[in-house]
Amino acid sequence: MSAEQVNELIAVAAQKAAQETDAEPEPGLTKKIEWPVQATLGRGLEGAISNTTRIGYVNGAKGWLIYRGYNCFDLAKHSTFEETCYLLLYGKLPNSSELAGFNDKLLAYRTVPKATLDVLNSIPTAKSHPMSVLATAVSVLGNLDSEAQDTSVEGETEIAIKLIAQMATVAGAIARIRQGLEPVNPNPQLSHAGNFLYMMTGETPTATAERIMDVALILHADHGMNASTFTTMVVNSSLSDMYSSVIAGIGSLKGALHGGANEAVLYDLEEIGGPDNVESWFARARESKRKVMGFGHRVYKAYDPRARILGPVAELLAMENEASGKLYHTAVALEKTVTKVLGVEKKIFPNVDFYSGIIYKTMGIETAMFTPIFAVSRISGWTARALEYLEDNRLFRPRAVYVGPTKEDYVSIDQR
Ligand SMILES: CC(C)(COP(=O)(O)OP(=O)(O)OC[C@H]1O[C@@H](n2cnc3c(N)ncnc32)[C@H](O)[C@@H]1OP(=O)(O)O)[C@@H](O)C(=O)NCCC(=O)NCCS
């Protein structure tokens, strides 16, 4: 068959289509939204409902965050990240033997194949953004897993547990390689949070540091249909595979409007330089319509409950550390200044990312690693929601309102 014949076929098909259909793709759709129902266009899918869920609930007016019926304050106080993962994945708090079984699986999966670390050592891990490296690491893990293409609920559940375990290991390795250090193997005696800190720093964390990281991981685990969760679910809904879905989630979380805000907050606080500069810095930010990182939320129009916990934790740590003390006092002054104006005008308050960075910084963690910490936690929400949706899967496929022309004549390139 020649190229001309292919073009002829296309022309015939186009002619046939034109005879059978009106040239306007769908009457009504280009003017006023009448299909499938009267709808209001919400930019950024604001107000759109994608599915029902039993996993978690964010009540933005009341400032509630609930996982499977349990509020985040109770979970942060009483639970552990491992138990919270079980709760998100299986819908109930585990009993002792169920939790022991789950911990055994995490322990077995936590060590990653050496080939993964070899890849991290062969790319510019120290120079790239760690979230981009994290996506590469998950891709390598998928390539090394002979079960990666199993898209059954059972198969993907197992991959979810593997990834919950391994995300911390690869993020720890990335942190080490960025510092020019060798990755360290997980320590079977430590909890997930303890191991994560150990694999990043090479030192067994204090009980306080381990507890604070555990609380941070619990609080970041799930948060409604946020961008990265939705992204993960969209990819999984095509029956791609869990690794590919999670890689997409990592890409989405990286952005400064989403998980990347925790890193951006620190840069802002350093740029401000101290509490005395806050007023003038904020005036300039307002003037140039610059957003203040770590403030505002699509859903919360009340104080983010996670920031209610992380703020005081940051204060506690800052009292013991001079450099963090300065960051913390700058943050407090910024919160006061911003909420005095935007809290009243637009119900804009600090979000989860505002105080978390100060906590991580005080623990000696490099700023660029803040968003990977978020991913180490959110992998649980991503996978739990992708799995819940998979049980009654339907391909995500929304529509856009086409507002362009429909009857342009094709002009050959030499006549344009
Ligand atoms: C999170 C975020 C993207 C949600 O925003 P959204 O629902 O899309 O809201 P919009 O960006 O449309 O903002 C609505 C209004 O509030 C303002 N606003 C929102 N967040 C703001 C912020 N952090 N600083 C200053 N103004 C902000 C916008 O400028 C806009 O004002 P306008 O109506 O006068 O144009 C937004 O608040 C933001 O960019 N925050 C900073 C990044 C951040 O912390 N992200 C982490 C979220 S957990």
Side-chain angles (χ1 to χ4, degrees), residues 40 42-51 53 55-67 71-73 75-76 88 131 215-233 249 251-269 282 285-286 289-314 331-332 334-360 370-371 373-375 377-378 380-382 385:
T40 309
R43 286 185 62 241
L45 292 183
E46 179 163 10
I49 305 295
S50 56
N51 60 304
T53 181
I55 290 183
Y57 174 44
V58 180
N59 183 321
K62 295 186 174 165
W64 288 359
L65 172 58
I66 288 170
Y67 302 165
N71 82 55
C72 68
F73 296 103
L75 291 171
L88 289 170
M131 285 297 275
V215 169
L217 295 180
I218 292 168
L219 291 177
H220 285 81
D222 184 65
H223 204 249
M225 291 301 284
N226 59 85
S228 57
T229 298
F230 185 52
T231 305
T232 306
M233 289 171 65
S252 171
L253 186 70
K254 181 186 178 204
L257 296 186
H258 190 13
N262 58 8
E263 180 185 341
V265 168
L266 233 283
Y267 297 134
D268 279 358
L269 293 176
F282 181 57
R286 290 267 284 169
K289 297 196 182 308
R290 170 177 173 177
K291 281 187 171 170
V292 189
M293 292 291 125
F295 283 86
H297 201 272
R298 177 69 60 78
V299 181
Y300 289 124
K301 301 303 163 201
Y303 207 97
D304 185 329
R306 302 164 298 176
R308 279 193 198 284
I309 298 175
L310 296 177
V313 172
V332 169
L334 188 59
E335 172 176 347
K336 218 169 140 195
T337 305
V338 172
T339 50
K340 199 164 63 189
V341 180
L342 297 180
V344 178
E345 270 178 24
K346 294 179 182 160
K347 294 196 185 316
I348 286 178
F349 302 102
N351 58 47
V352 68
D353 298 312
F354 191 58
Y355 287 106
S356 59
I358 299 175
I359 295 172
Y360 305 146
F370 293 177
T371 316
I373 298 176
F374 200 150
S377 165
R378 187 56 60 83
S380 57
W382 289 340
R385 284 182 187 255

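Please read these numbers as outputs of a predicted model, since none were measured by experiment.
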Can you give me the closest heavy-atom contact between [X] and [Y], atom names plus distance?
X	Y	value
Ala221	Leu88	CB-CD1, 3.8 Å
Lys62	Ala302	C-CB, 4.3 Å
Ala307	Tyr355	O-CD1, 4.4 Å
Ile359	Val313	CD1-CG1, 3.8 Å
Ala76	Val215	O-CG2, 3.8 Å
Pro305	Phe73	CB-CZ, 3.5 Å

From [atom1] ([X]) to [atom2] ([Y]), nearest 0.5 Å:
X	Y	atom1	atom2	result
Glu263	Asp353	CD	CG	11.0 Å
Arg308	Leu65	CZ	CG	12.5 Å
Lys291	Ile348	NZ	CD1	8.0 Å
Ser380	Arg385	OG	CZ	10.5 Å
His258	Phe374	NE2	CZ	5.5 Å
Leu45	Phe230	CG	CZ	5.5 Å

query: Under 6.0 Å from the NZ atom of Lys301, do we count more than 12 heavy atoms belonging to anything else shown?
result: yes
- request: Check the pair Phe282, Val338 against side chain to side chain contact (heavy atoms under 4.5 Å, CB included), reporting the backbone distance first and the verdict last.
  value: CA-CA 7 Å; Phe282 181 57; Val338 172; 3.8 Å; yes
Side-chain heavy atoms of [X] within contact of [Y], under 4.5 Å:
X	Y	result
Cys72	Leu219	yes
His220	Val352	yes
Arg290	Asp268	yes
Met225	Asn51	yes
Trp382	Leu253	yes
Ile358	Leu269	yes
Phe295	Thr339	yes
Val292	Phe354	no

Can you tell me how the ring of [X] sits relative to the ring of [Y], calling it parallel under 30°, perpendicular over 60° and tilted otherwise?
X	Y	result
Trp64	Tyr57	perpendicular
Tyr300	His223	tilted
Tyr303	Phe349	tilted

- line: side chain to side chain donor-acceptor pair (under 3.5 Å) test vs Arg378 passes for just one of Asp222, Thr232, Thr371, Asn226, namely Asn226
Side chain Asn262, main chain Ser356, donor-acceptor under 3.5 Å: no
